[in-house]
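Heavy-atom basis, side chains included; hydrogens, waters and symmetry copies ignored. Each chain gets a letter, A, B and so on, in the order the sequences are listed, and its residues count up from 1.
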Protein chains: 2
Amino acid sequence: MAEPMYRQVAEDLRRQIESGDLAPGARLRSEVELREEYGKDGKEISRNTVRDAIKLLISRGLVETRPGQGTFVMRQVVPFLSRLNMDPEAGDVEGGVYKSEVELQGRAPEVTDPRVEVQAASDLVASHLQLQPGGQVISRHQQRKIDGTPWSLQTTFYPMEFVTRGATQLLMAENFKDGMVKELEASLGIKQVGWRDTIIARPPTGNERTFFDLSDKVQVAVFEFRRTGYDEDGNPVRFTVTVYSADRNQFEMRAGRIPG
Amino acid sequence: MAEPMYRQVAEDLRRQIESGDLAPGARLRSEVELREEYGKDGKEISRNTVRDAIKLLISRGLVETRPGQGTFVMRQVVPFLSRLNMDPEAGDVEGGVYKSEVELQGRAPEVTDPRVEVQAASDLVASHLQLQPGGQVISRHQQRKIDGTPWSLQTTFYPMEFVTRGATQLLMAENFKDGMVKELEASLGIKQVGWRDTIIARPPTGNERTFFDLSDKVQVAVFEFRRTGYDEDGNPVRFTVTVYSADRNQFEMRAGRIPG
DNA sequence: AACGATTTGTTCGTATGTATC
DNA sequence: TGATACATACGAACAAATCGT
């Protein structure tokens with residue numbers, strides 16, 4: 001009796017799921033049936049104990065519950081594969097993620113117009129843009145969807161100084177065909193010649209759960225990509241944060257010579 | 001009464017945490033105190049309702065509970081930063097992650113001797129090594145720690161054919177100073193000239209939870225890096241899967257010219 | 001070392017609400 | 001509409017871990 005009952009039940013169900021006895025999409029026995037199934041000596045276990053076991057499986061991302069229907073083994077969604085582009089000459093589509101034509105084949109990407117704000121820089125933004133904490137920055141925020149499915153949240157920060165130097169495009173709530181990096185080159189002569197990316201995986205915030213349509217119940221992480229771009233003098237040009245839901249995204253990188 | 005009580009309580013506590021009223025590491029009021037605090041008209045709410053609220057916060061990674069002590073706001077650990085190396089000439093330390101000297105300064109990495117097995121290839125392994133499903137492969141598995149903290153689990157797969165062609169080092173349960181990639185070049189003349197990486201974030205398996213010492217309670221993801229290496233003829237040389245706990249790891253990539 | 005107080009963990013029972021078929 | 005299934009909320013009892021006396 002070392003293991004609590006609810007863990008024993010969860011462990012047994014987990015085994016059935018991972019062995020394939022319970023296939024993805026399959027319905028588990030109802031809570032009432034499981035009470036009977038795991039009882040001993042004709043004595044049922046409590047419905048609450050069954051529910052505790054199911055909660056443990058939910059927290060591990062193995063099952064989901066649907067009121068009025070039952071408990072179901074989670075289906076694996078086919079992840080969307082994005083190429084991380086390491087060539088500074090090849091443009092900078094989607095703020096750090098290069099969507100190859102093949103991968104987007106037949107898919108319908110949508111991008112909202114940016115929400116533009118002037119803000120005091122957070123510590124994170126200030127350090128990446130080498131500003132004083134609290135210095136003024138432009139933030140441009142966009143939401144992206146693919147085939148109607150929420151795909152990414154992206155915010156890019158630029159020093160306020162760029163506007164006073166003449167890059168008034170930064171304040172316009174619209175997308176530019178060749179991207180803001182090219183706009184800055186045209187209007188200020190600032191050319192991005194390199195960047196540094198940091199990749200993080202973490203639990204989603206409340207806003208992110210809402211946008212990505214993640215119920216409180218599912219246990220998923222989000223990717224956070226932070227990209228700092230630099231000009232020829234080594235000064236930061238912009239700082240971009242992009243968030244992706246980890247359950248429907250994978251990223252690919254290539255190095256050297258590979259086939260295909 | 002649209003929102004269930006346990007969510008209202010969780011939401012209020014979340015606000016206190018994110019506003020800083022409850023700092024990282026701080027102890028929440030005990031369950032008994034919270035019963036009183038969120039009751040109305042002198043009537044306390046049930047302890048189970050308080051506990052449901054706390055479970056919700058746990059699942060979001062905001063707090064942790066310690067028996068006999070209380071519930072505490074989660075502390076953010078300082079993540080370990082690894083550089084992803086995109087230069088095929090610069091070696092391939094740590095199976096895909098290049099640990100710069102600076103980042104390892106003062107840290108003590110430990111690597112177990114590999115556990116070597118001959119296995120039938122899974123579908124995943126077979127497809128990356130371009131073998132028939134069920135074909136024989138060598139698997140070499142290692143665990144890595146830094147300063148005693150579990151850091152990564154790594155398994156590399158090689159075609160069994162390499163052994164019959166003379167690369168008997170593949171079967172030795174020891175580490176080679178310059179890495180297996182160099183060994184294959186020396187013994188078979190197979191030179192890795194490029195690779196493809198896939199990056200995934202997902203919930204940890206049971207084994208991974210054990211190795212990384214993640215309790216059932218904390219909601220964290222793991223990074224999974226899959227690297228397929230190719231030789232000059234475009235044939236796969238090896239397939240490496242490395243798993244990192246996402247709560248203590250970040251990854252960095254650089255492109256073009258950047259300062260520092 | 002022992003004990004009691006405090007706090008969280010597990011298990012049960014019960015009632016009622018809401019969603020689905 | 002009724003039956004079924006999960007969701008919320010309450011109460012109760014005992015176990016296990018921790019801490020101070």
**Q** OP1, OP2 of C:dT10 versus side-chain N and O of A:T49: anything below 4.0 Å?
**A** no
**Q** What residues, two or more places apart in sequence or in another chain, satisfy side-chain hydrogen bond (donor to acceptor under 3.5 Å, both in side chains) together with B:E11?
**A** B:R14
**Q** Figure out the OH/P separation between B:Y6 and D:dA9, and round it to whole Å.
**A** 7 Å
**Q** Taking ring-ring contact (aromatic ring centres under 6.0 Å, His included) as the definition, give me every residue that meets it alongside B:F157, ordered by chain and number, with sequence neighbours left out.
**A** none
**Q** Specify the separation, in whole Å, of atom CZ of B:F72 and atom C1' of C:dT7.
**A** 10 Å
**Q** Expressed as a whole number of angstroms, how long is the span from A:K55:NZ to D:dA7:P?
**A** 9 Å
**Q** Would one find a side-chain N or O of A:R35 under 4.0 angstrom from OP1 or OP2 of C:dT11?
**A** no
**Q** Whole angstrom is fine here: how far is it from CD in A:E36 over to P in D:dT4?
**A** 16 Å
**Q** Expressed as a whole number of angstroms, how long is the span from B:I54:CD1 to D:dA9:P?
**A** 15 Å
**Q** Closer than 4.0 Å, any side-chain N/O of A:R29 to the OP1 or OP2 of D:dA5?
**A** no
**Q** So does B:T71 get a side-chain nitrogen or oxygen closer than 4.0 Å to the phosphate oxygens (OP1/OP2) of C:dT7?
**A** no
**Q** As a test of reading the structure: which of D:dG11, D:dC6, C:dT11 is closest to the side chain of A:R51, going by heavy atoms?
**A** D:dC6
**Q** Could you list, one pair per line, each protein nitrogen or oxygen that sits under 3.5 Å from a nitrogen or oxygen of nucleotides 15-21 of chain C, together with the distance?
**A**
none

**Q** For the side chain of B:T65, starting at C-beta, report the closest nucleotide among C:dG9, C:dT11, D:dA9.
**A** C:dG9
**Q** Please check: side-chain N/O of A:T112 versus main-chain N/O of A:Q143, any donor-acceptor pairing under 3.5 Å?
**A** yes
**Q** Apply side chain to side chain donor-acceptor pair (under 3.5 Å) to the pair A:Q8 and A:D12, showing each step before the final yes or no.
**A** CA-CA 6 Å; A:Q8 293 181 37; A:D12 188 67; over 6 Å; no
**Q** Could you go through A:S245 and A:D247, starting from their C-alpha distance and side-chain angles, then the distance that decides it, and tell me whether this counts as side chain to side chain donor-acceptor pair (under 3.5 Å)?
**A** CA-CA 6 Å; A:S245 181; A:D247 64 347; 2.6 Å; yes
**Q** Please tell me which of B:S30 and B:N48 maps to the more 5' nucleotide of DNA chain C, matching each residue to the nucleotide holding its nearest heavy atom.
**A** B:S30
**Q** Under 3.5 Å, side chain of A:R196 to main-chain N/O of A:R226, donor-acceptor pair present?
**A** no
**Q** Could you tell me how far apart A:L28 (CG) and D:dT4 (C1') are, to the nearest whole angstrom?
**A** 16 Å
**Q** Let me know the distance between CD of A:E64 and P of D:dC6, rounded to the nearest Å.
**A** 13 Å
**Q** Using the ring of each side chain (for Trp, its six-membered ring), is A:Y244 parallel, tilted or perpendicular to A:F251, with breaks at 30° and 60°?
**A** perpendicular
**Q** Round to a whole Å and report the spacing from CZ of A:R7 to C1' of C:dT10.
**A** 10 Å
